[in-house]
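Worksheet: one structure, shown below.
As a basis for the values below, the full set of heavy atoms in this structure was taken, side chains included, without hydrogen atoms, waters or symmetry mates.
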Amino acid sequence: MSEIADRETKWQARWKEAGLGRAHREEGRPKYFIVFAYPGSSGFQHLGHMRGFTYADALARFHRMQGARVLFPGGTHASGLPSVTFAAKVEHGDPDTLQGLKGLGLNEEGIARLTSPEEAARFLGETYWQAWERFGLLMDRGAYLTTIDPDYRQFIRWQFARLEQGGYLVQKPYYAPFCPRSGPVSVDPSETDLSRGGSAEIITYTALPFTLDDGRVLLAATLRPETVYGATNVWLPPDGSLEEWKVQGRTYLASPAGVAKLLEQQGGERGGQVPIASLLGSTARAPLTGERLPLIASQLVNPAVGTGVVMSVPGHAPADWVAIGELPAADAERLRGATRTIIDVPSAGLAPSEQELLKGEGAPAGRAIANIGVQGLGDKVRLQEATERVYLLEFSHGVLSVGPFAGHPVARARTEVAQQAMATEGAVEIREFSEPVVCRCGETVIIRRIPDQWFLGYGSMDWKRETREAARRMHFEPREYGTELEKILDWFDDRPAMRQGKWLGTPFPRDPRWIIEPIADSTFYPAYYVVRRYVSDGRVSVDQLTEAFFDYVFLGRGAGEPSVDLTLLREIRQEFEYWYPLDLNLGGKEHKRVHFPVFLYNHVALLPPEKRPLGIFVHWWLTSYTGEKISKKDVKGGQLPPVDEALTLWGADAIRLYYAIGASPSQDIQWDREACAASGDRVEETLRQITALPPTPAAPIEKGALVAHVDRWFATRVVGLLQRVRESFEGYDLRTASQGAFVELPALIRRYRARGGDHPELLGAVADLWVRLIAPITPHIAEEAYRVRGGKGFVSVAGYPRGTELPAFPDSLERERVVEGVEEDVAALLKVWKKAPAKLRVFVAAPWKYHADARLRERLADGPLNIGRYMQEAKIDPALQPHMGDLPKFLQEVRNTGLSGLPPLLSPGDELATLQESATYLARRLEVPSVEVWTEDEGAPHDPANRRGRSRPGKPALALE
RNA sequence: GCUGGCGUAGCCAAGUCUGGUCAACGGCAACGGACUCAAGAUCCGUUCUCGCAGGAGUUCCCAGGUUCAAAUCCUGGCGCCAGCACCA
């Protein structure tokens, strides 16, 4: 093990031994309760996962050092599919998974155990916890949980009982993926249940009824029901049969595949076969318009898609347009002149590519065909493009121009037409996957209607309104997320809260066939962390976690669980009252639209306003380098290293600093190995420097102890820096805070020393503050340095610098600025001054200029400078009168810069004294053998170019020789 | 399309809400120097252009506009990213 790893494990062990992570309530003392959105137990963690956890720890540490009692718990989310997937990978012998497990030191037997999803979840959870410890996270192990623990399940049962009681659960029909052989399945990209089709979406068609003369009804499935006003005919497959579907006393016709879907989704029963040939040549009455349309066969129609019957809208559907063009003469005759344009797209405001699409005359579909150059029905790629573009364009910009909904935008008319067709014409919805979905068992997955699905009623206006109000009182980081969340709440709708299938989770108490869905069981859990500590140390048993228990602890309602000792019960209630509300919930940007909204909703449903969360912190991701076109030599970071490897290479402190200083949290960081390594160097250098500084003085530095300008200046700058760092932490700005602690402070010390500063007590005091300053970000080296410097206890619980620890001398900053100005100016001069200078003369402005300057500031404060008036006044000012000739030039220079362009105002004596005191420094620094400081009106040495005349208060003139 | 975000010097990335202190923090990289037998680390300097006196010019995706003043505000355009639901 490396020296770094040894150091880090040593301190982690000591923190654990001292119990620093354990939360202790102390009434009357401020508290800070922070959680991160617990990770799903899906596999091995990498550096990307650790970014947010580190932020949470840095904030928790900062507040702990500020004197707050901190509750910083963590857990893992084992519900749902991830652990099931992982266990399946173990079972199937997935090479990456097995290699990872062996890397963690598991033997065959240990690995075999992980084929159980529960075991896998617990195991993964432990590896996460270990990673958190190794990153230096100071958390309360007593609160650690996984969501499949029996006590957690008790908690979830209580939560859902309360939600149901409060009317937050609703039951209504739902359409879900279903395997006829294996039962409910999940269609998601991990394809745990599937052998193909994980990225399929469920598409909802409207099946419009077209009535034949004999009363039977053809169902034509469409995604664009509003185009019924432009329908010219009905397409049927070229051969085969349709099938009857009988429902509610009516008989519909659709393809056999279509009928199969309808039976699953709508019920009813199958009827007889109807040969398509028997239908061709007749007509059907269209819904809503009542027009009679011819039935025509076409290759266009795929009986497997939708209902196998399609209404033809050649004006707006490129495929229909092309199909009609390719019809035999007899069929074409029946349609002549029927193509219509029923959607207008105003050309104003269209993107050039959209304008291009609609160039020309005639129906939009025909124009798109011509402009894209579709060659015929066989030209599938271009036909597809034309279809998609017309569809999108008309959906987003089109306005319906005929019928009762004329004038309505297509996006709106579409639902209006569908609603009306369903209400008055007997239209039905039919759903199918966007691509074939096949179960692991080999069976094709279908969509089945579940009549009594449980939802969380997030669409409810009352609940939504109260949640929005709660959000308005919260703090969001970044602030933009607050406005975004309001928008999200606007469209947030009921969500299925349970499912039937093979998932990990808690059965719904009222009906255990339902397993509570993973998003739904991870909304109110911060509250349970408080209780969990009493379960893990055995003071409360699982069977004591009754509804009465939780009612009392969380809501203060009822007498509580009688089997729990009353004193203990009261204590737990007090704990909850102490820690709640939650100060901060921190999570990655993937949680913006799902977890954070429901987290808030549930707190609103269950708790009174004063107990609702106070803040949400969203961080972006650490991304791996994905560019492909750049040659390998240029590839910066490459893949994200696994946690173990990264810790061995650089150590936790280095990575923590890298996270904190690399970018602001609301920005993806692209992994940069070299930058991470460099931050490791910085960490080690910081440790070296702090330990090399003089010892911490026994007593605070008194104001009187600092006499020299550099000492005063240094102390003042440090004070400002400490304040800024603390404020940055309070404002969640970890980047600025780290920059101050790791970049600016060492730079300040360097300059202080370069300026000749060497006040041992002052440096010692600063070193002690520095150790504390860095502790939230790099706790291990902070402890190390703290101990080496003789600190007592742990710096992790020492006080955080506030900026009141050192005396400050505001005027010293202005003095120093004069010196800095001279440095900058000389550096600029030397750039163009080719020779090596032998001597630098510095001329401080003559006293009358200070007088003129003071007057100038008064005038500028009133508005733009009136030079004429100023001169009038100067004439009668005895101090300025002798210098009337020089005044205009003096004034001219400030005329354009205004007040803000003026350097700080010092007294002439202060400026002169500061520069004299700094002459040696300037000589060394600027590599000029001799530096002399004069005043402008002092007896002049050699000054042929009359440089001295340039001098202004705060900005002395310079002469190089 | 909807919702949100982004476009800053070789690369990463602050600054934009609250216009001036911004040729624009910080990091990486590169170059020069100090130190070293050497390497690494560390320290100093340089990295838009021009300039033999502290200056000037041109920049913050593009084009306009507001303003004494714009990376920052407004309008329009171009380009890119994420999410869009049952998936954690």
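With A/Ser83 contributing its side chain and A/Ser79 its backbone, the two residues share no donor-acceptor pair below 3.5 Å. When atom types are taken as modelled, the side chain of A/Glu824 and the backbone of A/Val819 share no donor-acceptor pair closer than 3.5 angstrom. Side chain of A/Arg948 to main chain of A/Glu936: a donor-acceptor pair is present (N/O by atom type, distance under 3.5 Å, no hydrogens or angles). With hydrogens and angles disregarded, a donor-acceptor distance shorter than 3.5 Å links the side chain of A/Ser679 to the backbone of A/Cys676. In this structure, the side chain of A/Arg924 engages the main chain of A/Ala754 through a donor-acceptor pair within 3.5 Å. A side-chain donor-acceptor contact under 3.5 Å links A/Asp653 to the backbone of A/Ile781.
Rounded to the nearest Å, the gap between the C1' atom of B/A13 and that of B/A34 is 30 Å. Nucleotides B/G5 and B/C74 have their P atoms positioned 13 Å apart, rounded to a whole Å. When the P atom is used for both B/C78 and B/A29, the distance is 39 Å, rounded to whole Å. Across B/C62 and B/A85, the matching P atoms stand 36 Å from one another, rounded to whole Å. Nucleotides B/G7 and B/C12 are separated by 12 Å at their P atoms, to the nearest Å. Rounded to whole Å, the P atom of B/C2 lies 25 Å from the corresponding atom of B/C61. The same atom, P, is picked in B/A70 and in B/C22; the two are 16 Å apart, to the nearest Å. Going from the C1' atom of B/U36 to that of B/G20 covers 48 Å, rounded to whole Å.
Mapping A/Lys487 and A/Ala678 onto RNA chain B via the closest heavy atom, the residue that lands nearer the 5' end is A/Lys487. With the nearest nucleotide of RNA chain B identified for both A/Arg735 and A/His595, A/Arg735 has the one nearer the 5' end.
Listed here is the closest heavy atom pair of A/Arg51 and A/Trp620: NH1-O, 3.2 Å.
For A/Ala675, the listed nucleotide lying nearest its side chain is B/G27; candidates were B/G54, B/G27, B/A13. Among B/A41, B/C28, B/G26, the nucleotide with an atom closest to any side-chain atom of A/Val743 is B/G26. For A/Asp681, the listed nucleotide lying nearest its side chain is B/A41; candidates were B/A41, B/A29, B/G26.
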Protein-nucleic acid N or O pairs under 3.5 Å, nucleotides 43-45 of chain B:
| unit_1 | atom_1 | unit_2 | atom_2 | d |
| --- | --- | --- | --- | --- |
| B/C43 | OP1 | A/Arg750 | NH1 | 3.3 |
| B/C44 | OP1 | A/Arg750 | NE | 2.8 |
| B/G45 | OP1 | A/Arg925 | NH2 | 3.0 |

Hey, what are the protein-to-nucleotides 82-86 of chain B N/O distances that come in under 3.5 Å?
| unit_1 | atom_1 | unit_2 | atom_2 | d |
| --- | --- | --- | --- | --- |
| B/C86 | O3' | A/Arg499 | NH2 | 3.3 |

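Remark: A/Arg414 qualifies as a cation-pi partner of A/Tyr391 under the 6.0 Å distance and 45° angle criteria applied to the six-membered ring.
Among the atoms of the strands shown, none is found under 4.0 Å from any heavy atom of A/Pro177. The residue A/Ala959 sits close to a base: some heavy atom pair falls under 4.0 Å. Using a 4.0 Å heavy-atom distance criterion, A/His77 is classed as a sugar-phosphate-only contact.
Here the options are A/Trp650, A/Phe742, A/Trp671, the test is ring pair (Phe, Tyr, Trp, His ring centres under 6.0 Å), and the partner is A/Tyr658; only A/Trp671 passes.
Atom P of nucleotide B/G55 and atom CZ of A/Arg947 are separated by 13 Å, given to the nearest angstrom. The CG atom of A/Asp733 sits 11 Å away from the P atom of B/U16 (whole-angstrom rounding). Going from atom CD of A/Gln670 over to atom C1' of B/C6 covers 14 Å, rounded to whole Å. In this structure, A/Leu830 atom CG and B/G32 atom P are separated by 22 Å, rounded to whole Å. Going from atom CZ of A/Arg682 over to atom C1' of B/C28 covers 11 Å, rounded to whole Å. Atom CH2 of A/Trp671 and atom C1' of B/G27 are 14 Å apart (whole Å). Between A/Glu824 atom CD and B/U46 atom P there is a gap of 11 Å when expressed in whole angstrom units. Put simply, NZ on A/Lys592 is 16 Å from P on B/C81, counting in whole angstrom units.
Ring geometry, A/Tyr525 versus A/His595: the interplanar angle falls from 30° to 60°, so the pair is classed tilted. Between A/His475 and A/Tyr732, the ring-plane angle classifies as parallel under the 30° and 60° cut-offs. Using bins of under 30°, 30° to 60° and over 60° for the plane-to-plane angle, the ring pair A/His49/A/His46 lands in the tilted bin.
Pair assignment for B/C73 gives B/G65, based on Watson-Crick or G-U wobble hydrogen-bonding distances that are each under 3.5 Å. Of the nucleotides present, B/A34 is the one that pairs with B/U42 by Watson-Crick or G-U wobble criteria, both distances under 3.5 Å. Across the strands present, B/C22 finds no partner; the criterion is a Watson-Crick or G-U wobble pair with both atom distances under 3.5 angstrom. Applying the Watson-Crick and G-U wobble criteria (two distances, each under 3.5 Å), B/G83 pairs with B/C2. Base pairing analysis places B/U49 opposite B/A56; the two distances defining the Watson-Crick or G-U wobble pair are each below 3.5 Å.
Side-chain atoms of A/Trp514 and A/Gln453 form no donor-acceptor pair, as typed in the model, at a separation below 3.5 Å.
For A/Tyr168 and A/Tyr458, the ring centers are positioned 6.0 Å apart or more.
For RNA chain B, the residues of residues 659-669 of chain A within the heavy-atom distance limit of 4.0 Å (strictly under) are A/Gly662, A/Ala663, A/Ser664, A/Gln667, A/Asp668, sorted by number.
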